[in-house]
Every structure is written in C-alpha cells, then in structure tokens.
Protein chains: 2
Amino acid sequence: MNIFKGIKEDEIKHLLDCTNAVTKSFKKNEIIIHQGQKINSIGYIIKGCVKISRTNFDGSEITVAYAQKDETFAETFALANKQSIVYVTAKEDSCISFINVNKIISTCPKNCTFHKKILENLLRTISSKNLVLQEKIEILSQKTLKDKILLLLQKYKQETNKEIFKLPFSREEIATYLGVNRTALSRELSKLKSEGIIDFEKNLFKIK
Amino acid sequence: MNIFKGIKEDEIKHLLDCTNAVTKSFKKNEIIIHQGQKINSIGYIIKGCVKISRTNFDGSEITVAYAQKDETFAETFALANKQSIVYVTAKEDSCISFINVNKIISTCPKNCTFHKKILENLLRTISSKNLVLQEKIEILSQKTLKDKILLLLQKYKQETNKEIFKLPFSREEIATYLGVNRTALSRELSKLKSEGIIDFEKNLFKIK
DNA sequence: AAATATCTGTTGCACAGGCAACGAATTAAA
DNA sequence: TTTAATTCGTTGCCTGTGCAACAGATATTT
C-alpha cells in the first residue's frame, strides 16, 4: 500500500502538479526533517531510504521506524499541521517529494477524479502505520531481552516468509530499535545460538 | 477530535442510518471485540469507556490504550478488513455504535454532503492515534523504570495542565501499561517520593 | 599494502528490577 | 458488623541487563 496505489503514472504527475509538490534530493545522512520543524507536507520517497527517529530527553536516540521507496512519512504531523517530534534522515542518497496534505484533503480545483482515491490511500497508509507502531509496542512490552529478540525475529520471518531471512540492520541499529544495550544484545544472541534456539551468520538469521 | 466533529446532531443521525450502524450495550468487563475477530466496522463509544489490550504469547496482558465517550476504536482493523489482534473490553457499562467503514469511504448513495467531512475526521482521528502510540513507544523506550514513570507523569501533567493531577488507573494498570512488575513500580514510586522528586497520595500525583 | 575507522563479540562487575511472600489498608459482600 | 476480596506497599533474593574495557573481524581510506 502506498498513497498512489491504483493511480496511473500520468495521473500521479498531474497530482504532483496540482498540489504544487516540491521534489528535493538529499545526500546520505542528511537531515530531511528536523525535530521541531513545522510540517504541512507529507514526504513521499521517490528514491532511497530514510530513518525516522527522535532524541530522548537524556540525549540518546530512539528509532521510530524506517521508510523506503514509494512509502511516505510525516503524515501525522502534516495532518495536524504540527511541529515534528521526530527527525528524518536519509539512510542513503534519497529523493523526496513533499506533498501539501491540505491540497490532498481539499477538493481539487481541477476536479481530479483520483483525488478521492488518494484520500482513501492516505487513510489506509496511516492506518497500516498504526499497525507497525503496535507491533513495535508489542516487542518493547516483552519483559526479557530474549523475548524481544525472538518476537522481532518471528515478525521478520513472517514478513519474508523464508526459513533463512535477512535483517537489514546493524547490531547497533537492532539494539536501538529494541531499546537495549548493544553488547547485551550480542551476548543474548550468542546465548540463543548456543542453546540451539536460533542460528545466525552476520545478518542472516534462522529460527529453529 | 472525533469522527463526528463539526457535524450536526441530525446529520449524525442521518449518517448512522445511511451506514446501517448497529448500536449495542455492554456490561462492565464484557468483551466487545475478541482477539481474532474479523472486523469491518469501527466502534464509536456513545457511552462508557473501554480498554484495548492484547494477550502476549506468554499469556500475560499488554495494554494498548483506553478509549472513552465520543472516541472510536478498531479503525485500523476495519479499514484493512482484518482480524483484530487486540481485544476490547468495557471498563464500565458502555454503549457502542458499530459503523461500517466501507460505507464511510464509499460515496454515499443518498449523497450526504457531510460524508467528506467524516472521511477527513476519520483521517485525523487515526492520525492522532498514531501520535498516542508514538508516545507510548517513547515511554517504553526509556531505559529505567524511573524514567518511564517520570515521562508518564510528565505527559499526564501536560495533558491536565495542573500541578496536582490524577491518574485514573490502579497501580496494577499503570504497571501493565509500562510493561513492568507492579511491586517494582511501588518500590520505585516510594523511592521517588523519598527522594523528593515526586509526591503522591493514592492516585493524585505531583512532580516537584 | 598499510593505516584507520567501523562493526561485532566477549567478559567482569554492579545494580535495576522481576518474583515470591507477606501484611496493612481499603472496598465489597454476606 | 463480620467476612471476604481487592489493592497497595515492603522486603529479601536472584537474575537480567547496562556499562566499561578490550580484542578480533571487516570495511574504508590513503
């Protein structure tokens, strides 16, 4: 699901026109949205991959999510016309279209027939983000690190639907996502491996 | 914000009609939505208060959120036409209208002018739920129980905008929400009190 | 190739917090 | 009022995990 699903190429172009969408390029590690920045446009990833995170009050970083090509971000703040509580950085060289959300919601002056479709897509997009957040909450709610790891792996296994699946994150990133210490993660992974519960080699994992 | 915001009483009635909404009553502690139940309607709370939670794979309970009068729940599952991964129970005697979400999205056959308004409201509702979930993630991402408690209290203080504010939850409920052990919560609360960082009496709290 | 930086795993130590057992206080039921 | 049930706080014990320090592996730069 993405906001342009079911909409033809030329209609997408038309839409980007009639909403005065602005497209920008960002280098790897460049900040796309700053924490505290007032937002009125959603970001649509034309090319690349971004990280959505926030600074904890103790200064540490909390990873909220990752988003890739064809996905959107900052919908929530754009809809509320609020300041962003997260910052968004380019994980690799990326290209982003910023689409004014009010122009999506309001009736198109040119009376585009696909406006309604976009609105419905936006609804479904935000809705599915909700599910993603709930999954993260489920993982974070696990009492032990062992359970957090296993749940995360299970979800990835389901997603990829493969016996051996790849986690596209560094150990540090996984630890941050789980909200735990990196070395504790390494220790627990090794333990799970020695217990024969999982197996892994670099970023390839397997649950037995 | 709720899905009927800005819509007149008689139009709401009209809408409930033209979407064939069904209204049901539930006793305290009665289950409104079961885990695994196929959902195609959103729940709109006419009266009462509900708890949204889920069963962890170890059998323990994870509280997702609470919802009150005029608020909605299960939008996410209804939109995806999916099975619910949460169950919803009445915290007190409640009255719920179930509104078929497809009838909200599709153009109204009677051509209601407020249909568009509802759709926009629904969008904003789901969007703001997103924020609520993110706040919970922020709390759960705190490394220590102390930080979790303080962040929770700060958020409630902000919400109520009062020096002394009430947490409408039992200790057990707070602990479940934070994903920690109840006695550990009590211990930490007492410690924070003795350190002079907070003060509390039953459910009334104060941050110094 | 050599030098440097980044990533990952290992281990010792300390302590936060889970769990069990208990008692006191409060509320509900008989 | 008495009894039972629920809620809340306290404490001892023990395990899980954060942290620091380090080493080896891998990737990047010069």
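Chain letters run A, B, ... following the sequence lines, proteins first, then strands; residues in each count from 1.
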Does the cation-pi check pass for B:K206 over B:F200, that is, NZ or CZ under 6.0 Å from the six-membered ring centre and within 45° of its axis?
->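 Ring-cation test returns no.
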Cation-pi check, B:K136 to B:Y177: give yes when NZ or CZ is under 6.0 Å from the six-membered ring centre and within 45° of the ring axis, no otherwise.
->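 Pair B:K136/B:Y177 counts as cation-pi.
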Contact class for A:F200 vs. all strands (heavy atom < 4.0 Å): base, sugar-phosphate, or nothing?
->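 Sugar-phosphate contact only.
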Determine the contact category for B:S186: base if any of its heavy atoms lies under 4.0 Å from a base atom, sugar-phosphate if only primed atoms, P, OP1 or OP2 are that close, otherwise nothing.
->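 It contacts base atoms.
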Take the C1' atoms of the five end pairs on each side of the helix from C:dA1-D:dT30 to C:dA30-D:dT1, derive the two axes, and give their angle rounded to 10 degrees.
->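 End axes: 50° apart.
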Any chance the rings of A:Y44 and A:F4 have centres within less than 6.0 Å?
->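 For A:Y44 and A:F4, the ring centres are under 6.0 Å apart.
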Whether each nucleotide of nucleotides 11-30 of chain D has a protein heavy atom under 4.0 Å at its base (B), only at its sugar-phosphate (S) or at neither (-) is summarised, 5' to 3', as -B----BBBBB---------
Nearest whole angstrom, please: distance from the [atom2] of [N] to the [atom1] of [X].
{"X": "B:E201", "N": "D:dT7", "atom1": "CD", "atom2": "C1'", "result": "15 Å"}
{"X": "A:L189", "N": "C:dC7", "atom1": "CG", "atom2": "C1'", "result": "14 Å"}
{"X": "B:D147", "N": "C:dA16", "atom1": "CG", "atom2": "P", "result": "12 Å"}
{"X": "B:E195", "N": "C:dA16", "atom1": "CD", "atom2": "P", "result": "10 Å"}
{"X": "B:R171", "N": "C:dA24", "atom1": "CZ", "atom2": "C1'", "result": "15 Å"}

Taking NZ, NE, NH1 and NH2 as the nitrogens, is one of them in [X] or [Y] under 4.0 Å from a carboxylate oxygen of the other?
{"X": "B:E138", "Y": "B:K155", "value": "yes"}
{"X": "B:K91", "Y": "B:E173", "value": "yes"}
{"X": "B:K13", "Y": "B:E9", "value": "no"}

A:K82 NZ: over 12 foreign heavy atoms closer than 6.0 Å |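 Atom NZ in A:K82 is not packed in, count stays at 12 or less.
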May I ask you to test the A:I149-A:L185 pair for a side-chain heavy-atom distance under 4.5 Å?
->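 Side chain of A:I149 against side chain of A:L185, heavy atoms only: contact under 4.5 Å found.
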